Amino acid sequence: MVVITYCVEYAESQKSVCLKCNKIIPNKSLRVGRMERQSEKEKKKFAKFRWYHFKCFEVPEIMTKIPVHLIRGQVNLLDKDKVRLERVIKLGVGASWSQIVDQHKKKVKEEEDAAAAEALANGTPIPDTKSKSKSKSDPDFDTDDEDDVTGSGAKDFTAQLTGEIDRKQERKNRKVNKLKAKTEGAKVEKKGAAGSKGKSSAANNNSSAKQMSAVEKAIAASRADSKKKLEQMQSKFGKK
């Protein structure tokens, strides 16, 4: 009896081919494997695999009957890919990521057409959305492999559909805040160091002034003593 299970992972090379579209699965891109074993005791390395692009894979019934976190390899996925996997499985048997992307493209197209119609009705310029949404309108744009290989989640549907943009913005804001805190801290330390340096300089100046005043007093006292002795001598010899 053949035991069939499924796993999700990132391709370790470019040697695997998608069973559905017969195209190569790029290295490091997300793929789904159908594992065929002679028994449950047979190890994974001895199993027979049939690989699919994540976008091409259609959810089988068995994957809808188990918790998503129990699917082999799910724990090793990036957060955005965990969301993608969960969303596809929730759609039920036969669902695929390509369907979600196509639905999103259709929605974007409808919004663009509505914006263009409104602009014509109001006599305003039609919004230029071609340059802004090339990845949305280009049928050749690979919304799965492009994102997995380049890691750019903010310019395609993967980020928009999984909320990755919001998380990236949050991480960016945290980095900016940390940088600001470090900069402000450095300014405060520099200002404190300058203040302590100024106080130290003023203290040194006061000390020097005190030392100078003591020396001047000693010189003045010595001069006064010498003058007094000279007057005494002149007075003594003058009387004779």
Side-chain angles (χ1 to χ4, degrees), residues 1-40 42-109 130 133-162 164:
M1 179 181 177
V2 177
V3 178
I4 298 175
T5 54
Y6 293 86
C7 66
V8 288
E9 62 178 37
Y10 298 108
E12 299 176 355
S13 66
Q14 294 196 162
K15 296 180 181 179
S16 56
V17 177
C18 178
L19 187 64
K20 184 174 182 180
C21 67
N22 293 321
K23 293 182 180 180
I24 293 175
I25 300 175
N27 185 32
K28 297 182 180 180
S29 65
L30 185 62
R31 65 182 181 180
V32 182
R34 172 188 165 105
M35 299 170 53
E36 297 179 0
R37 297 177 292 171
Q38 297 302 317
S39 68
E40 293 183 356
E42 186 176 359
K43 294 183 179 180
K44 179 183 174 181
K45 63 181 179 180
F46 298 120
K48 183 178 180 180
F49 284 90
R50 300 180 186 276
W51 296 107
Y52 299 85
H53 290 110
F54 177 73
K55 65 175 183 177
C56 295
F57 178 73
E58 295 181 355
V59 178
E61 185 178 358
I62 189 174
M63 291 184 75
T64 63
K65 294 182 178 180
I66 59 174
V68 178
H69 67 275
L70 292 181
I71 297 175
R72 186 190 292 267
Q74 187 268 356
V75 69
N76 298 321
L77 300 182
L78 298 173
D79 289 341
K80 65 169 186 175
D81 291 328
K82 289 180 181 178
V83 174
R84 295 164 73 186
L85 179 63
E86 183 177 358
R87 182 163 183 178
V88 170
I89 293 175
K90 278 185 177 180
L91 290 179
V93 179
S96 68
W97 184 253
S98 294
Q99 294 175 2
I100 295 177
V101 173
D102 290 341
Q103 291 174 3
H104 191 76
K105 282 184 178 181
K106 184 179 179 180
K107 182 179 178 182
V108 170
K109 183 67 168 59
K130 291 183 179 180
S133 59
K134 183 181 184 300
S135 63
K136 299 178 182 179
S137 58
D138 187 357
D140 295 329
F141 182 79
D142 194 332
T143 55
D144 178 35
D145 301 332
E146 179 71 15
D147 179 67
D148 291 328
V149 174
T150 62
S152 56
K155 295 183 180 180
D156 58 41
F157 292 126
T158 298
Q160 296 175 22
L161 293 172
T162 61
E164 184 69 12

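All values derive from a computational prediction rather than experimental measurement. Sequential numbering from 1 along the given sequence is applied to the chain's residues.
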Please assess R34 against I4 for the test side-chain contact (heavy atoms from CB on, under 4.5 Å), listing each intermediate value before the final yes or no. CA-CA 7 Å; R34 172 188 165 105; I4 298 175; 2.8 Å; yes
Check the pair L77 / V8 against side-chain contact (heavy atoms from CB on, under 4.5 Å), numbers first and verdict last. CA-CA 8 Å; L77 300 182; V8 288; 3.8 Å; yes
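- Here ring pair (Phe, Tyr, Trp, His ring centres under 6.0 Å) pairs that include residues 55-76, with residues two or more places apart or in two chains, are Y6-F57, Y52-F57.
- The closest side-chain heavy-atom distance from V3 to Q38 is not below 4.5 Å.
- For R50, the side chain to side chain donor-acceptor pair (under 3.5 Å) test picks out E36, with sequence neighbours left out.
- By the salt bridge (Lys or Arg N to Asp or Glu O under 4.0 Å) test, E12 is found to be paired with no residue, residues two or more places apart in sequence or in another chain being considered.
- A salt bridge (charged side-chain N to carboxylate O under 4.0 Å, His left out) check over residues 89-101, counting only residues at least two apart or in different chains, returns the pairs E86-K90.
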How far apart are the C-alpha atoms of V88 and R84, what are their side-chain angles, what is the distance that settles it, and do they pass the side-chain contact (heavy atoms from CB on, under 4.5 Å) test? CA-CA 6 Å; V88 170; R84 295 164 73 186; 5.6 Å; no
Please set out all donor-acceptor pairs under 3.5 angstrom arising from side-chain atoms of residues 15-26, sequence neighbours excluded.
from : atom 1 : to  : atom 2 : distance (Å)
S16  : OG     : R31 : NH1    : 3.0
K20  : NZ     : E58 : OE2    : 2.9

Checking F54 against L85 for the side-chain contact (heavy atoms from CB on, under 4.5 Å) test, could you report, in this order, the C-alpha distance in whole Å, the side-chain angles of both residues, the deciding distance, and whether it holds? CA-CA 9 Å; F54 177 73; L85 179 63; 4.1 Å; yes
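- Partners of K109 by salt bridge (Lys or Arg N to Asp or Glu O under 4.0 Å), not counting sequence neighbours, listed by chain and number: D113.
- In this structure, the side chains of C7 and M35 come closer than 4.5 Å at one or more pairs of heavy atoms.
- Among all heavy-atom pairs drawn from Q99 and G94, the shortest one is NE2-O, 3.3 Å.
- For the 3.5 Å distance criterion, the side chains of Y10 and D81 qualify, holding a donor opposite an acceptor.
- Residues I89 and M63 share a closest heavy-atom pair of CG2-O, 3.6 Å.
- With sequence neighbours excluded, no residue forms a salt bridge (Lys or Arg N to Asp or Glu O under 4.0 Å) with K106.
- For the atom pair CD (E9) and NZ (K28), the distance works out to 14.5 Å, reported to the nearest 0.5 Å.
- Screening T64, V32, L91, V93 for a side chain to side chain contact (heavy atoms under 4.5 Å, CB included) with V59, the sole residue that qualifies is T64.
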